[in-house]
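Here is the structure we will look at, set down as structure tokens.
All values below were derived from every heavy atom in this structure, side-chain atoms included, with hydrogens, water molecules and symmetry-related copies excluded. Protein chains get the first letters and strands the later ones, always in sequence-line order, with residue 1 at the start of each.
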There are 2 protein chains.
Amino acid sequence: MTSGDTSHPSPATEPVGFETHDHAGCIASALAAADAHCQREGLRFTPVRRQALEILLQEHRAIGAYEMLDRLRDAGFGSQPPVAYRALEFLVAHGFAHKIERLNAFIACAHPGAEHSPAFMICRLCQSVAEAQSTPSRGALGDAARAAGFQIERTVVEAEGLCPSCAEKADA
Amino acid sequence: MTSGDTSHPSPATEPVGFETHDHAGCIASALAAADAHCQREGLRFTPVRRQALEILLQEHRAIGAYEMLDRLRDAGFGSQPPVAYRALEFLVAHGFAHKIERLNAFIACAHPGAEHSPAFMICRLCQSVAEAQSTPSRGALGDAARAAGFQIERTVVEAEGLCPSCAEKADA
DNA sequence: AACTCCATGTGATTTTATAACGTTACGCGT
DNA sequence: ACGCGTAACGTTATAAAATCACATGGAGTT
């Protein structure tokens, strides 16, 4: 991930995962948005929770609960698993982060604030993760659910494969 | 693809999971199919592997590795985790079973033999699981992947919600 | 101040998964 | 049939992921 760019032409509508972008800016704005959202909703955006989100945003990749725990401990918070799990649970519950089931890991939401069913593209070589949108009600799964009378409440959509840059290397 | 699989637009409308069916028959035929497939491919369908598949077929629901281990031990096989994990790994690798990431559990494939990208509907109340087809290349995810230059190799598609019968109970 | 609610911190445990290693069984060429 | 190489099996041990249970403490309310 290069870190030279400062201009971010279009906000949060595309696959924000395999491209370079304004890191400091996205962290700051995401934290601000989370702040505002919690204010509005009467949620307590406590120090651990804020720190956890900041860690996810800084990494900009999926990190496991125990890696998060290490970071939180380094930042002066508790050192037992529930510390990390509770912070992550909060972030996920309110849409600030997502769990990548396939990796047992967590990543900051790339489309904060928006109601959405996320879909992820996971590179099996470099482990990078990009978030896109899925449309559960459309497509084969939606058809099957309607046909079966199944009420979808939540979806996990994760694609594993090669990101552009790893695919290029693999070709060579 | 199988010989019988036509490429019509909506292959996903046989939800084989929330309906009653000929249990003994489906077990026998699935085992026979697996036998044949292994024969053809030169795979070793050993006793543990066969027993593991039979267990999955009998249950007809997602079961965890340690539950599988219990059953295998009861059947006279080894009693340590790798026994179960290896059998399951074989079954998954060759398409006889799938892992439900959301549940950390495994289920027999409902469309044995066919090349497919499975999608699952998981009832959050009764834990039943139905398998349908997904069409990774179509839909929002496929679009996003193409746009990003991501090469999809495998997809995890899992919907969580209410199965028909639990939805009915919940309504009442 | 007393109360309640929720968040935090900690120790302990459960559940899920893999590493490492020796032994056995099979597949195959001779 | 014999020996060879590989894959499968079994076991011990350990790692990784997640949860339980309980005590403490702070923010807001009454």
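Note: CZ (B/Arg102) to P (D/dA18) measures 11 Å, nearest angstrom. Whole-Å rounding puts the A/Glu89 CD to C/dT8 P distance at 11 Å. Look at CG on B/Leu43: it is 17 Å from C1' on C/dA25, rounded to the nearest Å. In this structure, the CD atom of B/Glu101 is 12 Å from the P atom of D/dA18, given to the nearest Å. One interatomic measurement links the two molecules: CE of B/Met68 to P of C/dA17, which rounds to 13 Å at whole-angstrom precision. Rounded to whole Å, the distance from CD on A/Gln51 to P on C/dT8 is 13 Å. Residue B/Leu69 contributes atom CG, which lies 12 Å from atom C1' of C/dA17 at whole-angstrom precision. Rounded to a whole Å, the CG atom of B/Leu103 is 18 Å from the P atom of D/dA17.
In this model, the phosphate group of C/dA17 is approached by a side-chain N or O of B/Asn104 to a distance below 4.0 Å at OP1 or OP2. Residue B/Lys99 places no side-chain N or O under 4.0 Å from the OP1 or OP2 atom of C/dT16. Residue A/Ser79 places no side-chain N or O under 4.0 Å from the OP1 or OP2 atom of C/dG9.
The aromatic ring of B/Tyr66 sits over the base of C/dT16, with ring centres less than 5.5 Å apart and planes tilted by under 30°.
Here C/dG9 is the nucleotide among D/dA8, C/dA17, C/dG9 with the atom lying nearest to any side-chain atom of A/Val83. Nearest to the side-chain atoms of A/Arg49 among the listed nucleotides C/dA7, C/dT10, C/dA19 stands C/dA7. Residue B/Gln80 has its side chain nearest to D/dT11 when only D/dC9, D/dT11, C/dT18 are considered. The side chain of B/Pro82 approaches D/dT11 more closely than any other nucleotide in the set D/dA18, C/dA17, D/dT11.
Within 4.0 Å (heavy atoms only), B/Arg86 reaches at least one base atom of the nucleic acid.
With a 4.5 Å cut-off on side-chain heavy atoms, A/Ile63 and A/Arg61 count as touching. When side chains are defined from C-beta on, A/Leu69 counts as touching A/Pro81, because their heavy atoms get closer than 4.5 Å. With contacts defined as side-chain heavy-atom distances shorter than 4.5 Å, the pair B/Val156/B/Arg102 does not qualify.
Remark: side-chain polar atoms of A/Arg50 are not paired, donor with acceptor, to backbone N or O of A/Asp35 under 3.5 angstrom.
Residues B/His116 and B/His98 bring a donor and an acceptor atom of their side chains to less than 3.5 Å of each other.
For A/Arg44 and D/dG28, a side-chain-to-base donor-acceptor distance below 3.5 Å is absent, hydrogens and geometry of angles not being considered.
The 5' end of DNA chain D is approached more closely, in terms of each residue's nearest nucleotide, by B/Phe77 than by the other of B/Phe77 and A/Ala105.
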